[in-house]
*Asks:* 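Would you mind keeping the following structure in view while I ask a few things?
A note on names: the letters A, B, ... follow the listed sequences, proteins ahead of strands, and every chain is numbered from 1.
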2 protein chains.
Amino acid sequence: MNPTPLLEASGARTATAQVHEAIKQRILDGVYRPLEFVREAAVAKELEVSRTPVREALRELVSEGWLEAIPHQGARVTEWTEKDAREVFELRLVLEPMAVGLACRHIDAATLAHLDDLASRMETLTETPLDGAGHSELASLNHEFHRLLIQASDNQRLAQILESVVRTSIIRRNFASYDRSALKRSMQHHREMLIAIGAGNAAWAENVMRAHLLAARVLHVSVDSTAASASPP
Amino acid sequence: MNPTPLLEASGARTATAQVHEAIKQRILDGVYRPLEFVREAAVAKELEVSRTPVREALRELVSEGWLEAIPHQGARVTEWTEKDAREVFELRLVLEPMAVGLACRHIDAATLAHLDDLASRMETLTETPLDGAGHSELASLNHEFHRLLIQASDNQRLAQILESVVRTSIIRRNFASYDRSALKRSMQHHREMLIAIGAGNAAWAENVMRAHLLAARVLHVSVDSTAASASPP
DNA sequence: ACTCTTACGATTGCATGCAATGTAAGAGAT
DNA sequence: ATCTCTTACATTGCATGCAATCGTAAGAGT
């Protein structure tokens, strides 16, 4: 076996890429808390690399919004405020419907089948009471469902933007706060979206997505009823 | 005076930040052409710094989409295709109306006055025939107008996304292809938006913005009439 | 007791040398 | 002539040492 297995697990990529992943994971896992500084030397020692790849990984993470850089002082985990949650939801509420709308034009049968499979597996999961592992698996499947849908929009920039916007906001947000009826409704939204997409009905799909997101919002944030909707294009 | 004034012009920031700006400017100016590799050693020698700040600047530019990294081979300027132009326009067509809609709720009198001033100066410019410098100034004012409007949306993420999406697409796109009537129409759009915002009428402002962008598109890209509009929220 | 100054420690910022890797040119065989 | 293997070179990837800078806490002065 390898004598230094600390980073080797993630394939044969560059050290910078591996450090990048490692730090991101620790942020997601809550090992590095908001406003806490991530010190170059400490990470380097812990992962058994020099400070150089750590520095480069930190700069990348700053560009992606995971950390904020303070000159001559270091990089610290970005804080997550109510305003951040609001901003992200405003964006998702516009961008995800846009994505499914575009997907209606571009999607192929194989992707649709894959989405169908994911929806089925989620439905199966929700038929029995869920433990912790079940919630985790459901969250994973759900994330994959949305990711695949967004990829099908055939707009690479949109996909990248949504990926970064959504992932930084998740931080292990799961379905623990969903009651039984909310869960079933969420699964039905997925189904309905696939039917709308299969029918090529963009408007239908977009509105189901908006309903899906708004329904989720009530469960996650203290809803401010700024329900002032935007106007039709 | 300083004996090495090559980079000192841009204030007293870090070398990395200055190299970052320098390379970005050269991409915008066309010194570095699409698909051309930007070599660490060459930039370092030219700007009289070591390879370290160059490496860090390159990584940042990759994260921002100006360059694409190829492992062990370097970073090259991203190519700009018709598909890229389409993607960016699809995004702007959704995000900029969203921004002005939000701005209707959050804007303050001072910002509105500033926007009014910018609109006036652009109108003055368009009253006489334009030379190259005039086009450049108009483009600059126009960019500032849109930037300020987007800031007024009070959604920091939206502003950052639009900034990156729009700026990488500009590459010195100016108003040279605008004829007289198109220019005047564009200026009127600005005015109308400000009036709509002043009246707090989000739907009005959003639709003017969409018209503004669609009118600009016909002048820039070979329009594909995929005028299939999205549905109302 | 409070404020301003100053010196120290910790941390990032930058330079440079060496190792790893990928590319391309050239020799040899078919 | 074409294909393959080898080898040398150019370039990035990484490690390490030193310099610049910032925060902090101790100490002098009011």
Side-chain angles (χ1 to χ4, degrees), chain A residues 2-24 26-27 32-33 35-64 66-78, chain B residues 2-24 26-27 32-33 35-64 66-78:
Chain A
N2 197 304
T4 63
L6 264 174
L7 285 180
E8 302 292 329
S10 341
R13 301 165 303 159
T14 66
T16 298
Q18 295 179 44
V19 173
H20 181 116
E21 280 304 315
I23 296 176
K24 190 192 289 184
R26 291 181 186 208
I27 295 171
Y32 297 141
R33 311 292 293 265
L35 294 187
E36 179 182 344
F37 277 89
V38 181
R39 298 298 179 193
E40 295 178 2
V43 176
K45 186 176 181 182
E46 208 172 348
L47 301 184
E48 296 180 0
V49 293
S50 81
R51 279 176 48 217
T52 305
V54 177
R55 286 178 60 75
E56 296 182 349
L58 288 179
R59 285 200 176 261
E60 290 174 355
L61 290 165
V62 167
S63 294
E64 292 171 24
W66 296 91
L67 303 172
E68 57 185 336
I70 296 171
H72 295 101
Q73 196 175 346
R76 65 180 182 193
V77 180
T78 51
Chain B
N2 199 304
T4 63
L6 264 174
L7 286 179
E8 302 292 331
S10 341
R13 300 165 304 159
T14 68
T16 298
Q18 295 179 45
V19 173
H20 182 115
E21 280 303 316
I23 296 176
K24 191 192 288 183
R26 290 179 186 210
I27 296 172
Y32 297 142
R33 311 292 292 267
L35 294 187
E36 179 182 343
F37 277 89
V38 180
R39 299 296 179 192
E40 295 178 1
V43 175
K45 186 177 180 184
E46 209 171 349
L47 300 184
E48 297 180 359
V49 292
S50 83
R51 279 175 49 217
T52 304
V54 177
R55 284 179 61 76
E56 297 182 348
L58 289 178
R59 284 200 176 261
E60 290 174 355
L61 289 165
V62 167
S63 295
E64 293 171 23
W66 296 90
L67 303 171
E68 56 186 337
I70 296 171
H72 295 101
Q73 196 175 348
R76 65 180 179 192
V77 180
T78 51

*Asks:* Check the distance between D:dG13's P and A:His20's NE2 and give it to me in whole angstrom.
*Replies:* 15 Å
*Asks:* Rounded to the Å, how far apart are A:Phe37 CZ and D:dT24 P?
*Replies:*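 Value for this atom pair: 10 Å.
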*Asks:* Answer yes or no: is there a side-chain heavy-atom contact under 4.5 Å between A:Glu68 and A:Leu35?
*Replies:*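 In short, these two side chains touch, coming nearer than 4.5 Å.
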*Asks:* Does B:Arg55 make a side-chain N or O approach to OP1 or OP2 of D:dG13 shorter than 4.0 Å?
*Replies:*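 It does, given that an N or O in the side chain of B:Arg55 lies less than 4.0 Å from OP1 or OP2 of D:dG13.
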*Asks:* Less than 4.5 Å apart, side chain to side chain, heavy atoms only: is that true for A:His20 and A:Leu61?
*Replies:* yes
*Asks:* Of B:Pro71 and A:Arg51, whose closest DNA chain D nucleotide lies nearer the 5' terminus?
*Replies:*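 By nearest-heavy-atom nucleotide position, the 5'-most residue is B:Pro71.
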*Asks:* A:Leu67 CG to C:dT12 C1': how many Å, rounded?
*Replies:* 15 Å
*Asks:* Is the shortest side-chain N to carboxylate O distance from A:Glu36 to A:Arg26 below 4.0 Å?
*Replies:* no
*Asks:* Decide yes or no for B:Thr16 and A:Arg59: does some side-chain heavy atom of the first lie under 4.5 Å from some side-chain heavy atom of the second?
*Replies:* yes
*Asks:* Whole angstroms only, please: what is the CG-C1' distance between B:Leu58 and D:dC14?
*Replies:* 16 Å
*Asks:* Would you call A:Val54 and A:Leu47 a side-chain contact if the rule is heavy atoms closer than 4.5 Å?
*Replies:* no
*Asks:* Quick one: does A:Thr78's side chain have a donor or acceptor within less than 3.5 Å of a partner on A:Trp66's backbone?
*Replies:*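 Here the side-chain-to-backbone pair exists.
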*Asks:* Taking only the side-chain nitrogens and oxygens of A:Thr14, find out if one of them lies under 4.0 Å from OP1 or OP2 of D:dT12.
*Replies:*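 For A:Thr14, the contact criterion (side-chain N or O under 4.0 Å from OP1 or OP2 of D:dT12) is not met.
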*Asks:* Any side-chain N or O of A:Thr52 under 4.0 Å from OP1/OP2 of D:dC14?
*Replies:* no
*Asks:* For the pair made of CD in B:Glu56 and P in D:dC14, what is the distance, rounded to whole Å?
*Replies:* 13 Å
*Asks:* What is the separation between atom NZ on A:Lys45 and atom P on D:dT16, rounded to the nearest whole Å?
*Replies:*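 Computing the A:Lys45:NZ to D:dT16:P distance gives 14 Å.
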*Asks:* Please list each protein N or O that sits under 3.5 Å from an N or O in nucleotides 9-11 of chain D, with the distance.
*Replies:*
unit_1, atom_1, unit_2, atom_2, d
D:dT11, O3', B:Arg39, NH1, 3.1

